[in-house]
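Structure record follows, encoded as C-alpha cells.
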Protein chains: 2
Amino acid sequence: MTSRDAILESALTLFDSRGYDAVGVQEIVETAGVTKPTLYHFFGSKNGLLETLIDENFVGLSQMLGEDAIYHGDLTLTLQKIVKGYFKFALENRRYYRFQLSLWFSPPESEAFQAVSAINEQQHAILEKVFIDAVANHGNMRGRHKVYAATFLGMINTYIGLALNGYVELSDQLVYQIVHQFMHGIFS
Amino acid sequence: MTSRDAILESALTLFDSRGYDAVGVQEIVETAGVTKPTLYHFFGSKNGLLETLIDENFVGLSQMLGEDAIYHGDLTLTLQKIVKGYFKFALENRRYYRFQLSLWFSPPESEAFQAVSAINEQQHAILEKVFIDAVANHGNMRGRHKVYAATFLGMINTYIGLALNGYVELSDQLVYQIVHQFMHGIFS
DNA sequence: AACCGAGTATACCGTTCGGTATATTATTTG
DNA sequence: CAAATAATATACCGAACGGTATACTCGGTT
C-alpha cells in the first residue's frame, strides 16, 4: 500500500471512531506509519485530507445515482433501485457511510459541514430531479420535490443507521417496505 | 444572569454552531464574560459542562415523554401525542435540539457519544415500553418493539431536522401524516 | 555523469489545548 | 462580628495542536 493510501485508510478509521475534530494529524501519520510532511505533501492540510477522503469515497455512491436515479415512468421502481443502491453502497463501505452519517447533521460552521455540503447538495439535486420528472405522472407532487428528496434521503439514512447499529437487516424486503411507506406518506 | 447560566448559554451557542470538539474552553469563558476557573468551579471539566448542558436541557423532553408516552389502548393516539410533544420541544429549544441532533450519529468513541448515550437509551426505553404495552392489542408486533422504537424516533428526528433547516413546518397535519406513515409501514 | 522532481525524515515553529495552584473577594452562616 | 464557604481573578503548567523549513534519498531523464 502506498503512503497516500495508508494515510487515507488510517484517517477514515480514526475519523469514523472518534470524529474529525478529535483526531490530530500526528496520530493519523503514526497509525499510517509515515511522518507529517508526507501527509502535507499529499493533502496540503488536515482539511484537504478530509475533502479528499470524502470525495474519493463518494464517487461510488455518485456513480450509482447516475445510473439508477433516472425516472423512466415508474416512480416506485426508480425509488426501489435507488434504495437498493444506497443499501449496497453502505454495506460495501460501512466505515465510510457511518462517517458520512455522522456528518449528516454536523454543525453548519464546522469544517466537516463545509466538506460534506457539496456531496449533500449533489445527492439532493439528483433526487429532486427524479421527483420533478415524475410530476407529469403525479400531478399532486408539484412544488414539493425539495421536501420529497429530503424526506426520502432521511428515511434511507435512518434505516441505514439502524442497520449499521445492528437493529435491522438491509434486505430486499426492507427496500420494498421503505419505498411503499414513503409513497404512502406522500399520497395520503 | 448568573455566571453559571452565562457559561451554559455560551457553550450551547458555540457547540451548536461549530461542534463540541472544535470549541475550546477559553472561547466559552470569553463569550460568557468569565474566566476559566469559574467554569471549572461549576462544572469540573469541559466534559462535565457538556453533560450538564445535555442533562439540564433534556429534562423538558423527559417530562413530556413521562406524561405523553403512556399507552392507554389507542396506539395511533399515543404516537400522535408523542410526535406533538417532540415538535413542541424542538421548537421551544431549537438550538439545543439541533445540537442533540448533531450528536445523534456521533462516533461511538467520541466524548459526545458517551454524553448522549444516556438520554438516547432513556428515550428508547420509554418508546419501547409503549410498543410492548401495545402488543396485546396488535399481535403482529411481538418482538419488534426495539426496531419500532428506533424507527419511530428516526422518523421524528428526520422531520425535525427538515424543519430546523426550513424544509417543512411542524404542523398538526404533519403530526398526523408521520404517525399514519409509520403505522402503515409497520402493518403492511 | 548531471540533473530533476517526487517522496520522506529530522527537528522545529508559534499557538492553543484542557486544566490548576494560589490568592482574593463576596456571601452566607453561626 | 467572626468564621466559614462560595465565587472569582491572576498567572501559570505541560502537552498537544496544525503546520513548515531544511535537507536527504532515490528512480527516472537528459
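Note that the structure is a prediction, hence the values are computed from the model and not measured. So you know, we letter chains A, B, ... as the sequences are listed, proteins then strands, and number each from 1.
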Quiz prompt | Sequence neighbours excluded, every pair satisfying side chain to side chain donor-acceptor pair (under 3.5 Å) that has a member inside residues 51-65 of chain A | solution = A:Arg4-A:Glu56, A:Asn47-A:Glu51, A:Ser62-A:Gln122
Practice problem: Determine which pairs satisfy ring-ring contact (aromatic ring centres under 6.0 Å, His included) with at least one residue from residues 22-81 of chain B, sequence neighbours left out, and list them in order. | Solution: none
Exercise. Quick one: which residue pairs count as a side chain to side chain donor-acceptor pair (under 3.5 Å) with a foot in residues 162-179 of chain A, not counting sequence neighbours?
Key: none
Self-check item: Rounded interatomic separation in angstrom, taking CD from B:Glu30 and C1' from C:dT15
Solution: 14 Å
Practice problem: State the CD-CG distance between B:Gln123 and B:Leu65, to the nearest 0.5 angstrom. | Solution: 6.5 Å
Self-check item: Distance, rounded to the nearest Å, where B:Leu39 contributes CG and D:dA9 contributes C1'
Solution: 14 Å
Exercise. Take B:Arg98 and B:Asp16 through the salt bridge (charged side-chain N to carboxylate O under 4.0 Å, His left out) test and state the conclusion after the steps.
Key: CA-CA 7 Å; B:Arg98 207 206 307 267; B:Asp16 174 44; 3.6 Å; yes
Exercise. Keeping to residues at least two apart or across chains, list the ring-ring contact (aromatic ring centres under 6.0 Å, His included) pairs with something in residues 81-136 of chain A.
Key: A:Phe15-A:Phe99, A:Phe131-A:Tyr148, A:Phe131-A:Phe182
Self-check item: N/O donor-acceptor pair under 3.5 Å between B:Lys81 side chain and B:Glu67 backbone
Solution: no
Quiz item: Near DNA chain D, which residues from residues 1-15 of chain A have a heavy atom under 4.0 Å away?
Solution: none
Exercise. Decide whether B:Thr38 and B:Ser3 meet the rule of one side-chain donor and one side-chain acceptor closer than 3.5 Å.
Key: no
Quiz prompt | Rounded distance (Å) that lies between atom C1' of C:dT8 and atom NE2 of A:His41 | solution = 9 Å
Quiz item: Which letters describe nucleotides 17-22 of chain C, given B = protein heavy atom under 4.0 Å from base, S = only from sugar-phosphate, - = neither?
Solution: SBBBB-
